[in-house]
Structures are given as C-alpha cells and as structure tokens.
Amino acid sequence: QVQVVESGGGFVQPGGSLRLSCAASGNILNIYLMGWYRQAPGKQRELVATITSGGTTNYGDSVKGRFTISRDNAKNMVNLEMNTLKPEDTAVYYCKAQYQFRDYWGQGTQVTVSS
C-alpha cells in the first residue's frame, strides 16, 4: 500500500508564487511516475504536471512556462514550483503516485489565487 501526502498550498495574490510538496511512503521500491493534477469547482480534474523516475516531464498547456516540477527519487518526493499565479489557477491540487500499474492519490491541498 502506498500513502500519498501533500503539503503547501494556501492563499496568494495574482502574480505570486507558491510551492507544493508531496511525499509517498509505504513498502515501495521505485515509483515510476509522480505528479500533480487539479480540480476547480464544477470542472473536471486536469493535468498540471508529471515527472517519471527518469526525469521526463509533462505539463498541462495552461501552466507551461510558469510551473516547474521536480523530484527526489530517493525520498519519493515531488515538488511543484508555481510562479506568476493567476485566479484561474485556483483549485484543489492532488498529488498522484503511479506504482506497479496502480494510481495512488493524496487528499488534495487548496490553492486560492485572489486579490
């Protein structure tokens, strides 16, 4: 069993920055993919960014150039640096760990961008 726990998030003004962190724990050897998704009220969950154990990244179109994902394989941790935040980035952000062909999700952390 894999446990996924997010931290960070909060309230920020437009143009500001936030950092999200996620740690996966359990009896695990190597997590293939970790990443972030988000869900705004009334909308479907969407891709923010993912990163494989080899370092290959994938970003959602709306965050390219503003968000950066990084990973510490030894600690099974992934971070998301979010810059130039916009009101439309407001959502619950979920961390996902893909291990042995199964997806494990955290409970989510709220990010609110507002003046």
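What you see is a predicted model; the values in this text were computed from it and never measured.
Looking at Thr50 and Thr57, their side chains never come closer than 4.5 Å, going by heavy atoms from C-beta outward. Side-chain contact check for Ile31 versus Tyr104: every heavy-atom pair is 4.5 Å or farther apart. Between Leu20 and Asn79 the shortest side-chain heavy-atom distance does not fall below 4.5 Å. No side-chain heavy atom of Asn30 sits less than 4.5 Å from a side-chain heavy atom of Ile28. Looking only at side-chain heavy atoms (C-beta outward), Leu80 and Thr68 stay at 4.5 Å or farther from each other. With contacts defined as side-chain heavy-atom distances shorter than 4.5 Å, the pair Tyr93/Val48 qualifies. The shortest distance between side-chain heavy atoms of Leu33 and Ile51 does not fall below 4.5 Å. Looking at Tyr99 and Asn76, their side chains never come closer than 4.5 Å, going by heavy atoms from C-beta outward.
At least one donor-acceptor pair under 3.5 Å links the side chain of Gln39 to the backbone N or O of Lys43. In this structure, the side chain of Thr90 engages the main chain of Val113 through a donor-acceptor pair within 3.5 Å. Between the side chain of Tyr59 and the backbone N or O of Ile69 there is at least one donor-acceptor pair closer than 3.5 Å. Checked by atom type and distance alone, the side chain of Arg66 pairs as donor or acceptor with a backbone atom of Thr84 at under 3.5 Å. Remark: side-chain polar atoms of Asp103 are not paired, donor with acceptor, to backbone N or O of Gln98 under 3.5 angstrom. For the pair Gln107 (side chain) and Val5 (backbone), a donor-acceptor distance under 3.5 Å is absent.
Smallest separation of non-hydrogen atoms from Ser115 and Pro14: N-CD, 3.7 Å. Heavy atoms only, all atoms of each residue included: Cys95 and Glu6 are closest at N-OE2, 2.9 Å.
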Walk me through whether Val111 and Met82 qualify under side-chain contact (heavy atoms from CB on, under 4.5 Å). CA-CA 10 Å; Val111 171; Met82 304 185 294; 4.0 Å; yes

Step by step, would you call Thr109 with Val92 a side-chain contact (heavy atoms from CB on, under 4.5 Å)? CA-CA 5 Å; Thr109 184; Val92 178; 6.0 Å; no

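In this structure, Tyr37 has its ring center closer than 6.0 angstrom to the ring center of Trp105.
Salt bridge absent: Asp89 and Lys86 never bring a charged side-chain N and a carboxylate O closer than 4.0 Å.
No continuous path of hydrophobic side-chain contacts links Met34 to Leu47 [ILVMFWY only; heavy atoms under 4.5 Å]. Connection of Val2 to Met77 is not established within any shared hydrophobic cluster, with ILVMFWY side chains joined at heavy-atom distances below 4.5 Å, either directly or through further cluster members.
A donor atom on one side chain and an acceptor atom on the other are not found under 3.5 Å apart for Ser53 and Asn73.
Counting non-hydrogen atoms of other residues, nucleotides and ligands closer than 6.0 Å to OH of Tyr32 gives a total of 12 or fewer. Atom CD of Gln44 sits in a sparse spot, with 12 or fewer heavy atoms from other residues, nucleotides or ligands closer than 6.0 Å.
Geometrically, Arg38 does not engage Tyr94 in a cation-pi contact defined by less than 6.0 Å to the ring centre and at most 45° from the axis.
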